Amino acid sequence: MRLADRTRNFTSFKVVDYLQAAVELQAQGRDIVRMVIGEPGFVTAQPIVESAKQALSDGKTSYTPPCGIPELRQAIADNYRRGYGLSIDPQRIIVTTGSSAALGMICDLLLNPGDGLLMSDPGYPCNPNFVRRLDAEPQFVPVEAEENYQLTAALAASHWRENTVGVMVASPSNPTGEIISRDNLAALYREVADRGGNLVVDEIYHGLTYGDEHIPSILEITDKAFVVNSFSKYFGMTGWRLGWMVIPEGLSEIINVMVQNFYISSPSVAQYAALEAFKPETMDILESRRSEFKKCRDFLVPALRELGFGIRHVPDGAFYVYADVQAFTDDSEAFCWQLLHEHGVACTPGTDFGHHRANHHVRFAYTEPMDRLKLGVERLRNALK
Ligand SMILES: Cc1ncc(COP(=O)(O)O)c(C=O)c1O
């Protein structure tokens, strides 16, 4: 069949391949410790589920306004006021079908064919494909453990090319869980803005941070950047396909046209359910889950270090540990397949997240309960004997 040339450039989301293999082994009766996918092990909090049931009973099953029901846009704005002290016009908040749709639409908005977008290597595997879909160029910037695997102003300056039109970062990041400090974020924004570019900040792991300090949103620094966020991670609603973006003023109309055409509206029941996500009763549940994740991180990082995995810095957020496996292998994919098939531990090879030292890294997700993580570590100990 004749397909568009660009389809040859799309790369697979390897984590899904490894998850699929884990699920198949489980179906055959094998017990697999799943440290593979970036999905909270908890089911969606009960108040959100109840709100969805109510929405269904009330017949809230139609299309909604393209950019989201006004109550939800307002609730997200209120959350920025409570959590960040920010006053954001709800017109700048666009509800989307997961942050995936937001990332795609921001690329649609910013990139012409041939334009370049800087992003870190390692980074979230889908981002380069949103760029390739537009016949534009993902421009990878290798980042090191020493700089917390994050893009800095200096790196943006040294990798900026003639066709570069912007930078996309995530803080906390997938796969490393590392954050960008307020100073670094401000300097990065300045560098990009001075070059006439746009900055996109993926804040999907906000809320899932484990230190005492406040994690800054780029919106505290400027209202000219693009922000992506989601109900998937902190709010534990991966399958509901609901996210949002905050866009600079003046773009609501064009975004409205794009959403109308691309998917009409986000799922109505999910939107009504999400109204419950910011309520104190739900937040209490989400905060106690966050403290479980913190316990898991605090167990896993020293346990992996003791086994010989290289982890330079304790990651501040998300639910990932990006571990150096040089001591064990030069082929992270083979290493992960072996761990899965022979030892019943599923994790993701660094090659899912880019090229830079990718064969020397593996990502562990600590989304399963503590007893399962402990079992996973015991299995790793046996595997590495
Ligand atoms: C950094 C990052 N951004 C975006 C997404 C997409 O999430 P969703 O579409 O479920 O909001 C993910 C999912 O793992 C992610 O890790």
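Whatever order the structure lists them in is the order used to number ligands and atoms, beginning at 1. Side chains are part of it too, since the values below use all heavy atoms of this structure and drop only hydrogens, waters and symmetry mates. Note that this is a predicted model, so its numbers are computed, not measured.
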Check this for me: [X], atom [atom1], are more than 12 non-hydrogen atoms of other residues, nucleotides or ligands nearer than 6.0 Å?
X: Glu249; atom1: CD; value: no
X: His341; atom1: NE2; value: yes
X: Phe10; atom1: CZ; value: yes

Pick whichever of Tyr205, Tyr320, Trp240, Phe231 has a heavy atom sitting closest to atom 16 (O) of ligand 1. Tyr205
Tell me whether the guanidinium CZ or amine NZ of Lys294 lies under 6.0 angstrom from the six-membered ring centre of Tyr210 and within 45° of its axis. no
Under a 4.0 Å heavy-atom limit, does Ser232 contact ligand 1 with its side chain, its backbone, both, or neither? side chain
Which protein non-hydrogen atom lies closest to [atom], naming both residue and atom, and how far is it?
atom: atom 3 (N) of ligand 1; result: Asp202 OD2, 2.6 Å
atom: atom 15 (C) of ligand 1; result: Tyr124 CE1, 3.4 Å
atom: atom 9 (O) of ligand 1; result: Ser100 OG, 2.5 Å
atom: atom 13 (C) of ligand 1; result: Lys233 NZ, 3.2 Å

Within 4.0 Å of some non-hydrogen atom of Gly98, the atoms of ligand 1 are 9 (O), 11 (O)
What atoms in ligand 1 come closer than 4.0 Å to a heavy atom of Arg241? 8 (P), 9 (O), 10 (O)
Linking I/L/V/M/F/W/Y whenever their side-chain heavy atoms sit closer than 4.5 Å, directly or via other members, would Val246 and Phe235 fall into one cluster? yes
Classify the ring geometry of Phe293 against Tyr366: parallel below 30°, tilted from 30° to 60°, perpendicular beyond 60°. perpendicular
His361 and Tyr322 aromatic ring geometry - parallel, tilted or perpendicular at 30°/60° bounds: parallel
Residue that, paired with Ile106, satisfies side chain to side chain contact (heavy atoms under 4.5 Å, CB included) out of Leu110, Asp108, Leu103: Leu110
Do any N/O atoms on Thr238 end up under 3.5 angstrom from N/O atoms on ligand 1? no
State whether the shortest distance between N or O atoms of Ser99 and N or O atoms of ligand 1 falls below 3.5 angstrom. yes
Glu39 heavy atom under 4.0 Å from ligand 1: no
